[in-house]
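Lettering of chains follows the sequences in order, A, B, ..., and the numbering in each one begins at 1.
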Amino acid sequence: MRRVYLDHSATTPVDPEVASVMMTYYTEKYGNPSSVHGFGREAKQALEQARTQVAELIGANPKEITFTSGGTEADNLAILGTAEALRTKGKHIITSCIEHHAVLETCEHLEKNGFDLTVIPVDEEGVISVDAVQKAIRPDTILITVMHANNEVGSIQPIAEIGKLAKEHGIVFHVDAVQSLGKIPVNVDELNVDLLTVSSHKIYGPKGVGALYVRKGVRIVPLVHGGGQERKRRSGTENTPGIIGFGKACELAGQRMAEDAQKQIKLRDKLMNGILDRIEFVKVNGPLGEKRLPNNVNVSIRYVEGESLLLSLDMLGIAASSGSACTSGSLDPSHVLLGMGLIHEIAHGSLRFSLGRQNTEEEIDYVLEQLPKIVERLRMMSPLYDQVVRSKHV
Amino acid sequence: MRRVYLDHSATTPVDPEVASVMMTYYTEKYGNPSSVHGFGREAKQALEQARTQVAELIGANPKEITFTSGGTEADNLAILGTAEALRTKGKHIITSCIEHHAVLETCEHLEKNGFDLTVIPVDEEGVISVDAVQKAIRPDTILITVMHANNEVGSIQPIAEIGKLAKEHGIVFHVDAVQSLGKIPVNVDELNVDLLTVSSHKIYGPKGVGALYVRKGVRIVPLVHGGGQERKRRSGTENTPGIIGFGKACELAGQRMAEDAQKQIKLRDKLMNGILDRIEFVKVNGPLGEKRLPNNVNVSIRYVEGESLLLSLDMLGIAASSGSACTSGSLDPSHVLLGMGLIHEIAHGSLRFSLGRQNTEEEIDYVLEQLPKIVERLRMMSPLYDQVVRSKHV
Amino acid sequence: MYTEKVMDHFTNPRNVGELENADGVGEVGNAKCGDIMRIYLDIEGDIIKDVKFKTFGCGAAVATSSMVTEMVKGKTIDEAMEISNKAVAEALGGLPESKMHCSNLAADALHKAIENYRDNHQKKE
Ligand SMILES: Cc1ncc(COP(=O)(O)O)c(C=O)c1O
Ligand SMILES: Cc1ncc(COP(=O)(O)O)c(C=O)c1O
Ligand code: FES
Ligand code: FES
């Protein structure tokens, strides 16, 4: 069967170049980077090279990079680590209603443990207002944590301005850049961030690796205790092959970003416009143009339900997602779409296609050929659609 | 240059069979196991198969396995997760003085945050007494955490008996089985444990993967919050290729354990006796025979310092360790050897060789040929040895 | 971890041994900490004619001992007193942060040996 993967925001394949670099470190250069001997030293050296590669992609100093087991752990380390470090200074945290669960759940965990949480709403395009953040700031605010680009609707946030605000008020600023890295420029100085989360498996690196950028001078308390690896910020034998793969993936991302974006914007717009042209009662979610990630298409297709759409697409070999991958197994409609003001029944019929490096025009044509038929079939089954058709005929 | 790797307790090479299984999941079957589509389902299926493989090696139910980013995270999750879950019930925790830093530092972190900690001493062979544990138990004891086998001196602990005690008193019992897994039988029921930590990279699986066994009915609070993966016990996109590699490594370990042990015991004893025969003023650390891991050799060589020994061995291509890999870069002598009653200057001259599947008799011969020369050279430089030689000549 | 120069001095340490009837002997460290360093000096006029060392310690300890003996040979004792820990580390192309203290040992042992010489010398006068 033909397979068309359009779920790159959930995860990406590992680039063959990345995979081949990793292999060497699994089977030949397998030393523990903490070891004194040659096997250890060659692992350590490669680890530090990877640190430099990650740092370079975000304009940081290698010493400011702490490797973690993924974006989720980096988000937790940033938020819990700051809360713990500053708990005597203040108890107020600001976040937004469209954050990833790794941020939201962590903030809510703190809320249950005595912290105050302000959750900023977004506009109907899924963009946070700088003004709203400003108004939420209190004297005891210790942390602002918002994402650079949203994983569901691809909306890019005004990070630099929020960062400026945070700086003026001396508030630690954490940004989840998991979805923006490798797609649009991410520079820690231009964005005015103190802490920044990135994840390897979204940029053609291996799963189970991520990093937290910690600006020099910013203090966080570790989450995981032990051997004191990663300059005491994150204990545990380093996942050297994974980290080395992540480093390589960052290097490749830096080289290919402009070209990837250009190509994907073309496919994105072709897919988005194609759907709007071919299917009735469709709404695009998220902003258009510059404020949208190059690889994100998100539409709500009325009178059909997301999972049915996914399954039907899947039977034709097309992989997409409805809401974020983490919740598509559950029954709740996406908190992001609800946060943007969509009503439940429309949110339920939403579909995300996220493009990647390997996608072709021809694949988009295939989707545009199949999707209308699927929607038609599901709508014929839908009691909601009945009424629409009837009212039309009246 | 010839390379002889004798540091398998620090980390192991990935078995080629394991590496090749993993590769497929990096580049072809790369789906996110939370995704609804085919790519997601094939990843999910493999993930669950790996869970079964890990469970089988330790006699558990797959549902009782929570994957983590390694042994360190699993230790943290067990200890912090239990403390958080039971903090209203009691504040007393029991551990031993020879635990890995992942356990000790975590317990000490809790101590700083209002918990009471009793650290049980060990005898001169590095074995905990069940009696000492019994005496330490208080009405408010909520957790006993001890290791199955020690990483430095290979001493195997009386886990089943301690587990029986814990059960009688209704105390949660956590065991760090990172070093015993794949070397001696580890069975959660026979050992009477509630929580058990294992790590992949010590048994020819990839780095950055581990698991915590959580007995059905035992409650722990998660360390990392987010998408709710791993039955809400550990959020974050699953490291599927790593986990699948770990699963395969467990399967292989189960098949090869008896043969590996038999072979390694022979090499171990050859190396240990060879050193004793060829070098003066040497002391074996840890127990002999049944109570020692099949792959561990640990000796203190008087009048020379551990790092100098390591460097000299390294120049001949021999990789060993002095104390645990995590601390061999630092200046403190091993807390394990000190805990066993060794005086500082003897602890400083300790050397660990840890055998693996690929080691040969010929490699041991090579070490036995080189080590005496190295010791001789370093002793000639040592101001401590002077006195010994002089007093001999008197 | 270590520079080539460190490894060279570790592998082929210069001036290992002791001097019978040394004019000055300096010892620092203790076995408990894992490092002991002893330096022997032969001094003529105020020139260091010969120097030997013995060291029990890590790679950096051995290398810094060796280096410091090379640095002082032929120098006046006043010049030798000027040799700092940092200078020893620099002469080796640098040391890892966690090993900087090892270079303290070498310079300290040297200075102690010179002080020991001065004590003996002054007594003789
Ligand atoms: C915006 C965002 N933050 C965090 C994460 C979590 O990262 P990881 O999958 O590496 O745990 C994801 C992906 O799932 C994400 O899209
Ligand atoms: C006994 C013991 N526990 C825990 C760990 C930590 O496991 P990991 O290296 O997977 O973080 C190790 C290994 O370093 C160990 O030997
Ligand atoms: S009908 Fe199945 S999820 Fe609602
Ligand atoms: S002399 Fe002590 S660590 Fe170097």
Do T72(A) and R234(B) meet the criterion of a side-chain donor-acceptor pair at a distance under 3.5 Å?
-> no

When you look at F39(B) and R3(A), which way does the side-chain contact (heavy atoms from CB on, under 4.5 Å) test go after all the steps?
-> CA-CA 9 Å; F39(B) 291 86; R3(A) 294 182 98 183; 3.8 Å; yes

How close do [X] and [Y] get, heavy atom to heavy atom, and via which atoms?
X: G227(A); Y: H101(B); answer: N-CB, 3.8 Å
X: T11(B); Y: Y30(A); answer: CG2-O, 3.1 Å
X: G226(A); Y: E105(B); answer: O-CG, 3.5 Å
X: S35(A); Y: D7(B); answer: OG-OD2, 3.4 Å

Sidechain N-carboxylate O distance under 4.0 Å for E84(B), K112(A) | no

Given heavy-atom pairs under 4.5 angstrom as the criterion, report whether the side chain, backbone, both or neither of [X] touches chain B.
X: L77(A); answer: neither
X: E238(A); answer: backbone
X: I79(A); answer: neither
X: T68(A); answer: neither

Rounded distance [0.5 Å steps], [atom1] in [X] versus [atom2] in [Y]:
X: D15(A); Y: T27(B); atom1: CG; atom2: OG1; answer: 10.0 Å
X: H100(B); Y: S235(A); atom1: NE2; atom2: OG; answer: 9.0 Å
X: N32(A); Y: H8(B); atom1: CG; atom2: NE2; answer: 12.5 Å

Flag the one option from P241(B), P16(B), G31(B) with the top tally of heavy-atom pairs under 4.5 Å to chain A.
-> G31(B)

Atom CD of E111(A): over 12 foreign heavy atoms under 6.0 Å | yes

Does the side chain of V224(B) come within less than 4.5 Å of L223(A)'s, by heavy atoms?
-> yes

Would a 4.5 Å heavy-atom cut-off, applied to side chains only, mark Y26(A) and K207(B) as touching?
-> no

Answer key: most heavy-atom pairs under 4.5 Å with chain B among M22(A), M23(A), H37(A) is H37(A)

Residue among T237(A), N239(A), T240(A) satisfying side chain to side chain contact (heavy atoms under 4.5 Å, CB included) with H201(B) | T237(A)

Can you spot which of N76(B), L104(B), D75(B) makes a side chain to side chain contact (heavy atoms under 4.5 Å, CB included) with H225(A)?
-> N76(B)

Engaged part of T12(B) at the chain A interface, taking heavy atoms whose separation is under 4.5 Å | backbone

